[in-house]
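Worksheet for the structure shown next.
These numbers come from the heavy atoms of this one structure, side chains and all, not from hydrogens, waters or symmetry mates. Below, chains carry the letters A, B, ... as their sequence lines are ordered, and counting in each starts from 1.
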Amino acid sequence: MSREEYIVYLPDRLVFNNIAELVRKLNFMYKEQGKNKPNVYLILRSLKEIDILGILILYKFMDFSLRERCFKSPNFHNEVKSEFNKQVKQYGFDNLISECYRDRMEMKKNFDNLKVEIKDNFLIAPIAIKSEEEINKSALKQIESYYKDENICTIILSIFSELHSNFNAHSNDTSRSVIVAYGNKDYVEISCADSGDGIITSMRNLYDIKDDCKLLRKAMSEGVTSKPSTNHMGYGLWILNEIVKLSKGQLMVYSQTACYINRFGKESLLSVPNWKGTMVYVKLNLKNLPTFEDVYISSNLKNKINVNFV
Amino acid sequence: MKNISLQKYGPIISTDQEGLSIYEMINDELKNDSVQLDMSGIVSMTTYCAKQIFGKLYNDLGPEQFFERIQIKNASDSVKLTIRLGITMYDSDK
């Protein structure tokens, strides 16, 4: 009797600029919803590099495949346990990931109880994006106490609140958006991902553009929103991108089969393996951070609006 | 001129409910008087809320009345930029 096996070898670079390769390995889960397939093996044989987005996507894969009952008791063979576990712990995913394959109820409890937590350096351990109170009350104090710089705090909080607003607008009960941040005195990384309706789907309903990459490029433009009948404005992603450009940082917006990357001011668009939802990764160089006045100067808003600021 | 502090909504004005509540409070006061909004304690505001509050007020009052009847003090650069974006987008949606 034959025994069908799924063996997935994970790439040894679980980082934002190799994330398409990771998604290519994992997105077979979308075909397996409800099948509860046995004999699924996820194998990590070596680990050269890992970042906050790599771990987040690995977690989202586990979360989705268990919730949607894709696999029965999947096995995660990790041959680089000490290094992997160290990184997972550093980024605050230790409880979430270790519980994933043990107990579905435990996983749900862990997700619902995610809290802002500050460890060494600056870390906002993964939290559900619905937890806005947590972000406002806890994260601000922690960001201020670690950075002690008004401009850095304002920029980080603005990115948090814009990402929250954007991901929340697309979310539903199954999106399970998660945001996580890590940094030190030189840089900060912020990443979030969901399993909701992606930007491409929303944009396709509004624009007669067939190419997914062109749709995503349009979504990144100043004043373009995928939700025009609401108070959303299409400036959230644009502001984020301007801050990244001016700080010579890095930004990735991955939605379904399109990916926008801004690396040190150089922009590119790629066709990528399908991810049902959106993921955003930001890395800011804190030594070169712009102010909001710089962002305003780079916009097309100059002298348009007269506001009585005193 | 009525002074309105938004401190209780701080440090981040980001939700639909907060935006609506602030808009209604300012709008009520404008029926009687001009207002001075004190943004002390507001570190950040989402573009969504800026459109909901200031975009709508700008539209309700028109550019001249908006300038004459609403003063905004202690706004950070981030909040100033967001308010301008909110007004611009509300205006361009019309």
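- Here the closest heavy-atom approach between residue B:Val43 and residue A:Thr154 is recorded as O-CG2, 3.7 Å.
- For the pair A:Phe292 and B:Leu81, the tightest heavy-atom approach, listed with the atom from each and the gap, is CD2-CD2, 3.4 Å.
- Contacts of residues 23-39 of chain B with chain A at a heavy-atom distance below 4.5 Å involve B:Gln36, listed in sequence order.
- At least one side-chain heavy atom of A:Phe309 sits less than 4.5 Å from a side-chain heavy atom of B:Ile83.
- A search for side chain to side chain contact (heavy atoms under 4.5 Å, CB included) contacts involving B:Glu68 returns B:Gln65, not counting sequence neighbours.
- Between B:Tyr58 and A:Ile305, the shortest heavy-atom contact is OH-CD1, 4.0 Å.
- For the set B:Ser76, B:Ser78, B:Ser44, the count of heavy-atom pairs under 4.5 angstrom toward chain A peaks at B:Ser78.
- A:Leu157 contributes atom CG, which lies 4.5 Å from atom CD1 of B:Ile12 (distance to the nearest 0.5 angstrom).
- Residues satisfying the side-chain hydrogen bond (donor to acceptor under 3.5 Å, both in side chains) test with A:Asn288, not counting sequence neighbours, are none.
- Take A:Lys148 and apply the side chain to side chain contact (heavy atoms under 4.5 Å, CB included) test, not counting sequence neighbours, and it matches no residue.
- Put simply, CH2 on A:Trp238 and CG on B:Leu85 are 6.0 Å apart, with the number rounded to the nearest 0.5 Å.
- Other residues, nucleotides and ligands place more than 12 heavy atoms under 6.0 Å from the CD atom of A:Glu267.
- Among A:Ile155, A:Val307, A:Asn151, A:Thr291, the residue with the largest count of heavy-atom pairs under 4.5 Å with chain B is A:Val307.
- Atom NZ of A:Lys214 sits in a sparse spot, with 12 or fewer heavy atoms from other residues, nucleotides or ligands closer than 6.0 Å.
- By the neighbour-count criterion of 12 heavy atoms within 6.0 Å, atom NZ of A:Lys248 is sparsely surrounded, having that number or fewer from other residues, nucleotides or ligands.
- Interface remark: B:Phe67 contributes backbone and side-chain atoms alike to the contact with chain A (heavy atom separation under 4.5 Å).
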